[in-house]
2 protein chains.
Amino acid sequence: MKLITRNTDYAMRALCHIAQQKKEAVTVTEMVAALGIPRPFLRKIVQTLSGEGILASCKGQGGGFSLRKRPGDVRLTDLIRVFQGTIQLNECIFKKKICPMRRSCALKREIDGIERDALTRLHKVSIASLIRKGGRHDAD
Amino acid sequence: MKLITRNTDYAMRALCHIAQQKKEAVTVTEMVAALGIPRPFLRKIVQTLSGEGILASCKGQGGGFSLRKRPGDVRLTDLIRVFQGTIQLNECIFKKKICPMRRSCALKREIDGIERDALTRLHKVSIASLIRKGGRHDAD
DNA sequence: GACAAATGATACTATAATGGTATCATTATA
DNA sequence: TATAATGATACCATTATAGTATCATTTGTC
Ligand code: FES
Ligand code: FES
């Protein structure tokens with residue numbers, strides 16, 4: 001049972017780091033040094049975040065990445081959606097077809113309820129909330 | 001984000017089915033007919049449950065499986081433990097080493113809290129509770 | 001005892017998700 | 001124009017999931 005994957009975790013680390021810098025733009029090189037994430041992987045992640053409109057990017061020397069949204073507006077659920085696909089409540093499947101009795105299924109009702117609650121809580125976690133809570137989330 | 005896998009789901013279906021039969025022993029053939037789960041897969045699952053002491057088995061003609069525990073004592077968390085490995089709260093890893101700052105990490109604290117809550121709720125779901133709640137969980 | 005009906009044990013396979021690497025193109029600045 | 005940055009994209013390795021397949025063993029019935 002894993003709520004967030006490495007992608008999501010790294011993304012949140014990078015975002016918190018960027019949010020805490022004073023500079024206009026933060027480079028990948030800088031983040032690699034600060035966060036200890038493998039460079040090409042981190043590059044892929046921030047590129048994705050850029051594509052999603054969460055980060056802004058500047059090419060060329062002196063370039064880098066910066067937050068495009070307010071720290072309170074970037075939530076864990078957003079990152080999960082981006083890196084872990086649509087947030088799907090437990091899908092019961094029967095030979096490629098969705099289970100015919102999922103309306104009446106007691107187990108599904110329970111799981112759905114639990115997932116919904118988890119999601120509302122994940123939704124409350126944002127860059128801002130993490131930083132607030134002593135959220136140093138850097139390596140070394 | 002998937003709380004339970006197919007294994008676990010099928011296992012719970014099979015267990016609920018067995019619990020609702022009057023007979024001494026329920027055969028795999030019977031369960032396949034009732035639950036629509038692929039036969040060899042279901043066999044593997046009930047064998048595992050048998051090995052775990054959740055089901056008792058009788059070999060030979062007239063044999064089959066029966067519950068070895070009370071329906072209230074078999075919980076979703078038990079099945080998750082069996083089929084999805086140790087229930088591990090979010091593990092943050094840095095190049096094979098566990099993250100040096102996991103004590104102070106705000107993100108980890110949040111995730112851990114959410115997972116713990118989910119687990120306590122999953123722990124409350126048992127064969128008995130599912131059956132009680134109109135728990136027909138069979139396929140045609 | 002032979003046969004059939006059941007489980008036990010175990011090995012194998014296919015697919016997808018995760019966690020990355022690697023490469024070349026493009027842009028901006030000094 | 002050299003250099004430091006991102007953009008785009010393709011590729012790869014490992015693991016987890018979801019199964020399949022096979023042969024052995026036990027047990028009741030005729
Ligand atoms: S049996 Fe399909 S949703 Fe529960
Ligand atoms: S950075 Fe490792 S636990 Fe948060």
Side-chain angles (χ1 to χ4, degrees), chain A residues 1-11 13-14 18 23-33 36-53 55-66 68 80 82-86 88 90-96, chain B residues 1-11 13-14 18 23-33 36-53 55-66 68 80 82-86 88 90-96:
Chain A
M1 211 182 75
K2 198 167 39 173
L3 292 182
I4 66 172
T5 63
R6 199 88 52 104
N7 272 326
T8 307
D9 187 6
Y10 286 170
R13 271 196 235 171
I18 293 173
K23 322 187 183 173
E24 272 308 300
V26 181
T27 75
V28 167
T29 305
E30 220 180 301
M31 292 192 257
V32 165
I37 298 169
R39 187 190 175 81
F41 195 23
L42 179 57
R43 254 167 65 68
K44 195 167 73 170
I45 290 170
V46 291
Q47 264 183 39
T48 303
L49 291 173
S50 180
E52 292 291 323
L55 287 178
S57 69
C58 269
K59 274 177 159 186
Q61 201 168 9
F65 295 89
S66 54
R68 182 178 282 171
I80 290 176
V82 169
F83 293 107
Q84 308 180 38
T86 32
Q88 49 176 353
N90 174 47
E91 281 232 332
C92 175
I93 296 182
F94 261 116
K95 322 190 171 175
K96 314 272 177 181
Chain B
M1 211 183 74
K2 197 167 39 174
L3 292 183
I4 66 171
T5 63
R6 200 89 50 106
N7 274 326
T8 307
D9 187 6
Y10 285 171
R13 270 196 237 171
I18 292 172
K23 321 184 185 178
E24 272 307 300
V26 182
T27 76
V28 167
T29 305
E30 221 181 300
M31 292 191 259
V32 164
I37 298 168
R39 185 190 175 82
F41 194 22
L42 179 56
R43 253 166 68 69
K44 193 166 74 171
I45 291 170
V46 290
Q47 263 184 41
T48 303
L49 291 173
S50 179
E52 292 291 325
L55 287 178
S57 69
C58 270
K59 274 180 160 185
Q61 199 169 9
F65 295 89
S66 54
R68 183 178 279 169
I80 291 175
V82 169
F83 293 107
Q84 308 182 37
T86 33
Q88 47 175 356
N90 176 47
E91 281 232 332
C92 176
I93 295 182
F94 261 116
K95 319 190 173 179
K96 313 271 177 186

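When reading the values below, keep in mind they use all heavy atoms of this one structure, side chains included, and skip hydrogens, waters and symmetry mates. Numbers restart at 1 for each chain; the letters A, B, ... are given by sequence-line order, proteins then strands.
- Per the geometry, CG belonging to A:D9 stands 14 Å off C1' belonging to C:dT18, to the nearest Å.
- In this structure, B:F41 places its CZ atom 16 Å from P of C:dT15, rounding to the nearest Å.
- In terms of phosphate contacts, A:T5 brings no side-chain nitrogen or oxygen within less than 4.0 Å of OP1 or OP2 of C:dA17.
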Find every protein N or O atom lying less than 3.5 Å from an N or O atom of nucleotides 28-30 of chain C, and list the pairs.
residue	atom	partner	partner atom	Å
C:dT29	O2	A:Q61	OE1	2.8

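- In this structure, D:dT17 and C:dA14 make a Watson-Crick or G-U wobble pair, each of the two defining distances being under 3.5 angstrom.
- Neither OP1 nor OP2 of D:dT20 sits under 4.0 Å from any side-chain N or O of B:R39.
- Distances were taken from every side-chain heavy atom of B:F65 (C-beta onward) to each of D:dA10, D:dG19, C:dG8; the shortest belongs to C:dG8.
- Put simply, NZ on B:K44 and CG on B:L42 are 11.5 Å apart, with the number rounded to the nearest 0.5 Å.
- Considering only heavy atoms from C-beta on, A:Q47 stays 4.5 Å or farther from A:L55 through its side chain.
- Residues A:F41 and A:V32 form no side-chain contact, since every pair of their non-hydrogen atoms from C-beta on lies 4.5 Å or further apart.
- In this model, the phosphate group of C:dG8 is approached by a side-chain N or O of B:S57 to a distance below 4.0 Å at OP1 or OP2.
- In this entry the distance linking CD1 of B:I45 with P of C:dT10 reads 19 Å, nearest Å.
- In this structure, the CD atom of A:Q47 is 14 Å from the P atom of C:dT27, given to the nearest Å.
- Regarding B:K44, its NZ atom lies at a distance of 10 Å from the C1' atom of C:dA11, rounded to whole Å.
- Using a 4.5 Å cut-off on side-chain heavy atoms (C-beta onward), A:I45 and A:T48 make no contact.
- Rounded to an integer number of Å, the gap from A:E24 CD to D:dT6 P is 15 Å.
- Whole-Å rounding puts the A:E30 CD to D:dA5 C1' distance at 12 Å.
- For B:R43 against C:dG8, a side-chain-to-base donor-acceptor contact under 3.5 Å is present.
- Atom NZ in A:K23 sits about 10 Å away from atom P in D:dA5, given to the nearest Å.
- Side chains of A:Y10 and A:V46 form no contact here, defined as non-hydrogen atoms less than 4.5 Å apart.
- Among the heavy atoms of the strands, none lies under 4.0 Å from B:V46.
- If A:T29 and B:N7 are placed on DNA chain D by their nearest nucleotide, the residue sitting closer to the 5' end is A:T29.
- OP1 and OP2 of C:dG19 both lie 4.0 Å or more from every side-chain N or O belonging to A:Y10.
- B:G51 comes within contact range of no nucleotide atom at all, as no heavy-atom separation falls under 4.0 Å.
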Let me see the working for B:I18 and B:K23 under side chain to side chain contact (heavy atoms under 4.5 Å, CB included), right down to the final yes or no. CA-CA 9 Å; B:I18 292 172; B:K23 321 184 185 178; over 6 Å; no
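- One distance of note links CD1 of B:I80 with CE of A:M1; it measures 6.5 Å at 0.5 Å rounding.
- Applying the side chain to side chain contact (heavy atoms under 4.5 Å, CB included) test between A:F65 and each of A:T27, A:V28, A:V26 identifies A:V28 as the sole match.
- In the set D:dA18, D:dT6, D:dA21, D:dA18 carries the atom at the smallest distance from any side-chain atom of B:R6.
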